[in-house]
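Just so we're clear, the structure is a prediction, and the values are computed from it rather than from any experiment.
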Amino acid sequence: MSDVASYLWLIPTLPLLGAAVIAALGPTMLRERSHLPCIGAAAASCLLSLLALLAVRASDGVTTVIYGPWFEAGNVAVYYSMRADGLTAIMLVMITFIGALIATYSIGYMHRDPGYPRFFASFSLFLAFMTGLVLANNFILLYACWEGVGLCSYLLIGFWFAKPAAAAAARKAFLVTRIGDVGMFIGILLLWYYFGHGTRSLEYDRVFDLAREGLARGSFDPYVLLMICLLLLAGAVGKSAQFPLHVWLPDAMEGPSPVSALIHAATMVTAGVYLVARCTPLFALAPLAQETVAVLGASTMLLAALIALTQTDLKRVLAYSTLSQLGYMFLGLGCGLREQNLVTFAVFAAIFHLFTHAFFKALLFLSAGSVMHAMGNVIDMRRFSGLRQVLPTTHWTFFCGAFALAGLPPMSGFWSKDEIIAAAYFAGQHSSLYQILFAMAVLTAGLTSFYTFRAYFMTFWGELKVPPEAYAHAHGGRGAEPAPAAHAHAAEQPTPHQAEPHSHDQVHESPPVMTVPLMVLAIGAVFVGLVLGPTHLFQHFLDDHWMKPVFAEQLLRPGEHHAGFFLLALTIGVAVGGTLLAYWMYVLKPAVAAELARRAPAVYELSRNRFYIDELYDFFVIKPLTALAHLLRVLDFYLVDGLVNLAGNLPGFLGTFLRPVQNGLVQFYALLMILGMTGIMVAVLLR
Amino acid sequence: MMSEAQISALTGLYPLLIPEMLLVIGACVLFLGGTYRAGRNRWSGFALATLIVCALVLLVQIQPPRLTGLTGLFTTPLLFDPLAQLTRMLAVVSGIVFVLLSWHELPPRQTADHHACLLLIVAGTGLVGAANDLVSMFVALELVSIPTYILLYLPRHDEAAQEAALKYFMLSILSSALTLFGFSYLFGLAGTTNIAGILQVLYRHHAGSAELATTAAMAQIALVMIVSGLGFRITAVPFHFYAPDVYQGTSTSGAALLAYIPKIAGFAALLRVLGFVIPDGVVVVRGRLLGMALSDQVPILLWFLAVVSMSLGNLLALLQDNLKRLLAYSSVAHAGYMLVALASAPYLAGQNNGGVIALLYYLIAYGAMTVGLFAVIVMLHTPERPIETVDDLAGLSRSHPGVALAVAILCFSLIGIPLTAGFTGKLFVFFGAMSVSGSLGTLYTVLALIGFLNAGIGGWYYLRIVAVMYLRTAVKPVEAQPTRPGLAALAVCLVVTIGAGVPPGLNYVVDSMRRTAPAPLGLSIERLQAQR
């Protein structure tokens, strides 16, 4: 197994080098070739990840490698330690494969952007941190990478930093996730406090073993464990944008679409799910923490789905659907009840959904990006329709993604979502709380298929309608950047009316460098679930190479779980029902939607305004904080500055008293030395 | 009368003393040759070559044959254990840097004499680290001191330099007398001058036993005398008074030498005599902590010295405008940080990179950053455009951007900003002090907190240097062109400052420190903790 060790470190290092090369040479030498190091590194990492996957498959357990000490201070020693097990291997393959595809897509999407090298440098850096995050074998390294991906997310959301909305969104994302990160850091400090002593501090397996043994012996307080789990969960909730810290993700769509696809749909936002899954041995010991996970997940799932119903921005619909699907994953993780022998089943369901979701959600975002690219950065679904005529490839790929997201068989989303709903069902057999959560999950499944197809029908069906910016884009070819020049260009056109038939020729499908990755992802979205789900390949892989070697005996007991025909029929029925409803409302009778909004304005407005959560935060958090900040500024100016000046002057003031002693007379110095020595002597002897 | 064993132990040492012999022969050649011909490049080159040959011989002999039998240990005057090898290597490398640094500052007529003294000082410093006998240790210490007097007196036409040399001479003799007084008490106590023997006698008794109590008063007098005498060399308060006056008065290269070499010798002697590093073969009774051979008040004494040195050094450095005076007080402050490490050493016994490991690491880091700054002053100072005060560095970022960057890095290291050796050193020192547990835990936490506070104050005057270089413009820009030897010296200091601060250099240095201060014989760390 040592051969894994020989290349495991290369997986994050290659993208890191790529980022360094682009950052150093990008603006001067590489320029329009800046994507080469990024894609090369991503592809090489992907290859190595596949090798690692095969190696893990061939082995019978977990491989851990220590690449040397990172730091040792006090009684703590932290190492650059990495691990290769089933979970890591799957995450790695997913991240690097999708990362490589999206990087390729970005060549077309970011074409001619002035920040081209900066984009790929940040992108490559992100891949380095993300792979590092899943490879890390201790909490400190995990946390470092965790903050690293947060940084890259900030850089990429605010990629067009000249746009105020993008800068604000980047700041919001950074600050909101930071709230969770603080909790997580405190959780890690607690782990450090209780288990961190000695070498290999804070390595996962050691922490899990110590926690389990401590609980069994009674030397470790279960409430402390609960506290630790909840604090770690806070980090996960922030990073994975779960209620109540979900507000940053929809705004993060201000970043370029490939970024939305990679970071804010497929990989980074799943880091929270990964963390909770990784810490399953801890969470399984704290049932209350698990219930919290499940409740938060289910709330986010339903809330986001309700909001998604009325959004008109295509990318925002997808963003809320990401929230909702992440909620599903958390619900899945929360269903891993130890007493009911559900741990392996539930965790597998969550990770499986994470995996399939990455494919179809990346696909959807990239397709939306393709639409946006063709429409001259217009993403409001009310301003275009019927696009299947002009964007045939994008239409089909979006269709595949939507089909998968809606959870319709036999697409990948169906297999994984079905498992989660089944997990909730089994958990609900003994607990009324989980019965409610199960009902929420089924309801959300219906909502999901409805809003997904609503977006699909609004965008691709109906009468062909194209916004004027699209022509400007076709003429000007300014790339994806929202350039004022492009709009000016549009205004110059004499009659930029949508109905002009000849203009439609100018609305073009995206170049092959963008459509080919779309097609690859579409194939993935269609077949991944079919290949890995019913065959149980995925489940056995995770079982054999992650859960069995890592989890304690008591977590591994297989329960009797047979998803009955009733459950299957229910989920399919709900999904199909949602789809048909969307077809009826947005294709057959387009007037119905407007009528409905008019009839129930309160509900409609509530959903459209995202339940006013942003406004609530603004009123209860941001406004008071701003007021406090003003108050503090005044205090700072008069009180603190005064104190600081005093403190700054005090040492010098003290020094002036001591100065006369240094009078330059050698006999005086000798006297002082002897006096000092005598003083010390007296003190030592009389003590 | 020498016994047979002693004689054979002595003769067996000759091959191991080749580096020191080379240095002394080199010094003789320089003293004699200097009277025939003056010449800057010739004699500097010769001294450099001698030192490099020494370094190579040391590298070959890095692990000398171990002493056979315990008689050897308790008779030999010199012991070439890892601490000795580290001290000798450190001395030789510093010697190389000092030759490079002083290359263009010395008048050609004085070059040979200066370097002859330097070679003797290097030899003496190395021997202090290797001394296993109070007599050989005292002789080695004087082998450092006496050439230093001459070296300081060489620029004899300069009145300030004369005054500085005289001050140093007087006070140094006083300190040597104190040290010798303490040594004589130790001899009276143990009946032998062999350090391993003395430590064996002192460590033989259990803590709190009646035998130990009878020796306590005498041992404590010896302790205070020795610490006072050696405190002069490491510029610990209240034995530091000479430092600002002498640094300012003497030549810059002389000040650089004084800032570093006596610290190596002083700390090496403290480590040996107080029993922080015990020779392989001395048996320590369970329950006794290393470094507390003479008295159980050693940590308190060092605690006190550390606090006053750090605080006074930093407070007075704040007021200085003269660069060399500033560096003198900075040297006092850094001696305080190193004393923090030494004070916490008995309770750490080599774990956590605290204690002795932290001290040795900090010693290297301190040398690199301080000597580097002196190297810059030497290089840029001309009689027409002197570099005397901090303000004289104004506008350096424009006239000498590279050198300014180097000074900034060295200052950052002195402040303790990450990715430098100064940061890692402070981290080891303070975290080591904070991880002392037990009844004295609070006391050491306070010590670490005072240390942090001082590091904060220290940030102020080092940052002032950086700010002056980068933000102020000079009325008259610095014109001196950097010389090649000076740049080489600066480069060595920079490489150590950064190289020892970040992995893998960091790991390498720490590993070699670990070898130097291994956990005491048969006492694993856990057992040490359990005994408390």
A.B. asks: Do any of residues 223-233 of chain B have a heavy atom less than 4.5 Å from a heavy atom of chain A, and if so, which, in residue order?
C.D. replies: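 Residues in range: B:V224, B:M225, B:S228, B:F232.
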A.B. asks: Measure distances from B:L506 to the heavy atoms of chain A and classify the residue's part below 4.5 Å as side chain, backbone, both or neither.
C.D. replies: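 When you check distances to chain A, no heavy atom of B:L506 falls under 4.5 Å.
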A.B. asks: Assess whether a salt bridge exists between B:D321 and B:R464, defined as any Lys/Arg side-chain N lying under 4.0 Å from an Asp/Glu carboxylate O.
C.D. replies: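 Salt bridge present between B:D321 and B:R464.
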A.B. asks: Indicate yes or no: at least one non-hydrogen side-chain atom of A:Y67 is less than 4.5 angstrom from one of A:Y79.
C.D. replies: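 No - every pair of side-chain heavy atoms lies 4.5 Å or more apart.
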A.B. asks: Determine which residues belonging to residues 672-679 of chain A lie within contact range of chain B, meaning some heavy atom pair is under 4.5 Å apart, and list them by number or answer 'none'.
C.D. replies: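 The list, in residue order, reads A:L672, A:M673, A:I674, A:G676, A:M677.
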A.B. asks: Ignoring hydrogens and geometry, is there a side-chain-to-backbone donor-acceptor pair from B:T250 to B:A161 under 3.5 Å?
C.D. replies: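 Judged by distance alone, no pair lies under 3.5 Å.
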A.B. asks: Assign the ring pair A:F185 / A:Y143 to parallel, tilted or perpendicular, where the plane angle (0 to 90°) is split at 30° and 60°.
C.D. replies: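 Tilted, since the angle between the ring planes falls between 30° and 60°.
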A.B. asks: Determine yes or no for a side-chain-to-main-chain donor-acceptor pair under 3.5 angstrom, with B:S331 supplying the side chain and B:L327 the backbone.
C.D. replies: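 A pair under 3.5 Å: no.
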A.B. asks: Measure from the side-chain N and O atoms of A:S153 to the backbone N and O of A:V149, and report whether any donor-acceptor pair falls under 3.5 Å.
C.D. replies: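 Between the backbone of A:V149 and the side chain of A:S153 there is no qualifying donor-acceptor contact (under 3.5 Å).
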A.B. asks: Do A:F220 and A:F195 have ring centres separated by under 6.0 Å?
C.D. replies: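 Ring centroids of A:F220 and A:F195 are less than 6.0 Å from each other.
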A.B. asks: Check whether B:M170 gets within reach of chain A through its side chain, its backbone, both or neither, counting any heavy atom under 4.5 Å.
C.D. replies: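 Contact with chain A involves the side chain of B:M170 alone.
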A.B. asks: If only atom types and distance count, is the side chain of A:S219 paired as donor or acceptor with the main-chain N or O of A:L215 below 3.5 Å?
C.D. replies: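 No: the side chain of A:S219 does not pair with the backbone of A:L215.
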A.B. asks: Please state whether the side chain, the backbone, both or neither of B:L166 comes within less than 4.5 Å of a heavy atom of chain A.
C.D. replies: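 Neither the backbone nor the side chain of B:L166 comes within 4.5 Å of chain A.
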A.B. asks: List the residues meeting salt bridge (Lys or Arg N to Asp or Glu O under 4.0 Å) with A:R118, not counting sequence neighbours, and say none if there are none.
C.D. replies: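 Result, salt bridge (Lys or Arg N to Asp or Glu O under 4.0 Å) vs A:R118: none returned.
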A.B. asks: So which of B:F430, B:W460, B:Y329 has the biggest tally of heavy-atom pairs under 4.5 Å with chain A?
C.D. replies: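 Winner by heavy-atom pair count: B:Y329.
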A.B. asks: Give me the one residue out of A:N137, A:T64, A:T63, A:T88 that meets side chain to side chain donor-acceptor pair (under 3.5 Å) with A:R83.
C.D. replies: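 Filter result, single survivor: A:N137.
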A.B. asks: Could you list the donor-acceptor pairs under 3.5 angstrom formed between side-chain atoms of residues 10-27 of chain A and any protein atom two or more places apart in sequence or on another chain?
C.D. replies:
from	atom 1	to	atom 2	distance (Å)
A:T13	OG1	A:W9	O	2.5

A.B. asks: Is there a donor-acceptor contact under 3.5 Å from the side chain of B:W303 to the main chain of B:L443?
C.D. replies: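 Judged by distance alone, yes, a pair lies under 3.5 Å.
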A.B. asks: Taking side chain as everything from C-beta outward and backbone as N, CA, C, O, which of these in B:L301 sits under 4.5 Å from a heavy atom of chain A? Side chain, backbone, both or neither.
C.D. replies: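 When you check distances to chain A, only side chain atoms of B:L301 fall under 4.5 Å.
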